[in-house]
Amino acid sequence: LAIFILGASGQIGSALLKACKGQGQEAVGFCRSTFDLSQPSSLLKQLSQEAEKIRPTALINAAAYTQVDRAEQEPELAYQINAISPGILAQWCFEKGIPLIHYSTDYVFSGEGIAPWKEADSVNPPNVYGKTKLQGEEKIAEASHGKWLIFRTSWVYDANGKNFFRTMLRLGLEKETLQVVNDQVGSPTFARHLADATLLALKKAQSMRDFPTGIYHLCSGGQTSWHGFASEIFLRAQEKGIPLQVKKTEAIQSTEYPTPAKRPLNSRLNMDKVRSVLGIALPDWKSGLDECFDEYLSLREHR
Ligand SMILES: NC(=O)c1ccc[n+]([C@@H]2O[C@H](COP(=O)([O-])OP(=O)(O)OC[C@H]3O[C@@H](n4cnc5c(N)ncnc54)[C@H](OP(=O)(O)O)[C@@H]3O)[C@@H](O)[C@H]2O)c1
């Protein structure tokens, strides 16, 4: 018996595997060599084969097409990975009677206004990635009347991998002046905090009389801009004696930093639902950053 985790090489997938290990929870991580979500037609056969070897108690899908800008050029591939395949996973989990956990994004919202988005607010993704993630939510809901939780999260980063935290540290070591966007606001979410909260949510949901199937917003507490996040990264790096070159971090507008995919300005997510239904709240984004730095520094020591 084990939890199946897809996308095991990604930020959230690898954090989930570590969290399971830390809690003595049996889990099997799968990469795209076993489950290629761009090939939905082969998924059911693969799932059955793997389930014959180890019986899954739940399936967590942390695999996705996550290259937001590139998705503008590869909409069909992003659709297969982010929408069609999650629908098939949901159908399979429904037939097996096991819960599916899946992740979605703040990019399902248009980004207007300043109020934190609630789950029931109307969606209007500003880019292809967001559209395909939204279609994934819809496919899951269509495919399964069973147990599923979709966590819309935001601005995920980790001590490893390719993400804003790592990019800023690299640039901060190379350049004296950096320009960072200041008009997009959201919550930077440490992958480990999200992984811990996911496992807790699964446990709580399974212990409830009626499984609380639905979409939930789940990201760190508090909010900042990318510029605010970068400034905090540099502040902590200096405190920890990392020899940064960067002396000035200039705040710019999104219009001054054009990207192929449009980003929402308001990525604030309201977390009342996850708090009231599942009793879960992630720590503030700054404490996530502290913990990420601890992990980053201990990884550096061991390199
Ligand atoms: N990162 C964020 O800021 C953010 C924000 C909101 C929501 N999310 C959502 O959170 C989830 C996990 O994100 P993440 O940050 O952990 O992403 P990530 O680090 O980019 O990892 C993505 C994972 O998906 C796998 N993958 C990509 N294409 C695949 C395919 N065709 N078949 C099977 N696996 C495939 C990757 O495998 P390879 O290593 O082989 O490429 C990797 O393991 C996604 O659903 C994402 O949409 C992320």
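Counting convention: from 1, in listed order, for ligands and their atoms alike.
The proximity of H102 to ligand 1, defined as any non-hydrogen pair under 4.0 Å, does not occur for either the backbone or the side chain. Of all the heavy atoms of I81, the ones lying under 4.0 Å from any atom of ligand 1 belong exclusively to the side chain. At a heavy-atom distance under 4.0 Å, atoms from both the backbone and the side chain of A63 approach ligand 1. Of the heavy atoms in Y107, none comes closer than 4.0 Å to ligand 1. At a heavy-atom distance under 4.0 Å, no atom of F151 approaches ligand 1. Contact annotation for Y157 and ligand 1: no heavy atom of the residue comes within less than 4.0 Å of the ligand. Here C31 has no heavy atoms under 4.0 Å from ligand 1, in either its backbone or its side chain.
The nearest heavy-atom contact from the protein to atom 13 (O) of ligand 1 is I12 CD1, 3.9 Å. Looking only at heavy atoms of the protein, atom 47 (O) of ligand 1 is closest to Y129 OH, 2.6 Å. In terms of protein heavy atoms, atom 29 (C) of ligand 1 is closest to R32 CZ, 3.7 Å.
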(request) Take I88 and L44, measure what side chain to side chain contact (heavy atoms under 4.5 Å, CB included) needs, and give me the verdict at the end. (result) CA-CA 7 Å; I88 291 172; L44 286 177; 3.8 Å; yes
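When only interatomic distances are considered, the shortest N/O to N/O separation between L37 and ligand 1 falls below 3.5 Å. Considering backbone and side-chain atoms alike, Q11 places an N or O below 3.5 Å from some N or O of ligand 1. Checking only distances, N61 never comes within under 3.5 Å of ligand 1, N or O to N or O. Inclusion of A8 in the set of residues having an N or O under 3.5 Å from an N or O of ligand 1 is not warranted. Note: no N/O pair closer than 3.5 Å links Y65 and ligand 1 by distance alone. Looking at T153 next to ligand 1, no N or O pair under 3.5 Å apart turns up. An N or O contact shorter than 3.5 Å links T66 to ligand 1 by distance. Taking distance alone, with nitrogen or oxygen atoms compared against 3.5 Å, D106 stays at or beyond that limit from ligand 1.
Within the 4.5 Å cutoff, side-chain heavy atoms of C219 are placed close to those of M271. Between L43 and S85 there is a side-chain heavy-atom pair separated by less than 4.5 Å. At a threshold of 4.5 Å between non-hydrogen side-chain atoms, the residues C20 and I5 count as touching. Using a 4.5 Å cut-off on side-chain heavy atoms (C-beta onward), I233 and F293 make contact. Looking only at side-chain heavy atoms (C-beta outward), K133 and H102 come within less than 4.5 Å of each other. At a threshold of 4.5 Å between non-hydrogen side-chain atoms, the residues R152 and I215 count as touching. Between T132 and Y65, every side-chain heavy-atom pair lies at or beyond the 4.5 Å cut-off. S154 is not listed as a side-chain neighbour of Y107, based on a closest heavy-atom distance of 4.5 Å or more.
Checked options F151, F4, Y103; the residue passing with I60 is Y103 (criterion: side-chain contact (heavy atoms from CB on, under 4.5 Å)). Just one residue in the list S254, S225, S267 forms a side chain to side chain donor-acceptor pair (under 3.5 Å) with Q184, and that residue is S254.
Considering each of S33, G13, G7, A64, the one bringing a non-hydrogen atom nearest atom 24 (O) of ligand 1 is A64.
Taking the six-membered ring where the residue is Trp, the centroids of W226 and F164 are separated by under 6.0 Å. Taking the six-membered ring for Trp, Y296 and F165 have ring centres closer than 6.0 Å.
Of all atoms in ligand 1, numbered sequentially from 1 with element shown, those under 4.0 Å from a heavy atom of F35 are 32 (N), 33 (C). Distances below 4.0 Å separate heavy atoms of W155 from the following atoms of ligand 1: 3 (O), 5 (C). Atoms of ligand 1 lying under 4.0 Å from any heavy atom of K133, numbered from 1 in the order shown and given with element: 44 (C), 45 (O), 46 (C), 47 (O). Near D36, meaning under 4.0 Å from one of its heavy atoms, ligand 1 places the atoms 30 (C), 31 (N), 32 (N).
Within the structure, the closest approach of A15 to ligand 1 does not fall below 4.0 Å when heavy atoms are considered. Under the 4.0 angstrom criterion for non-hydrogen atoms, G161 is not in contact with ligand 1.
L134 and W117 fall within a single hydrophobic cluster, where Ile, Leu, Val, Met, Phe, Trp and Tyr are joined by side-chain heavy atoms under 4.5 Å apart, directly or via other members.
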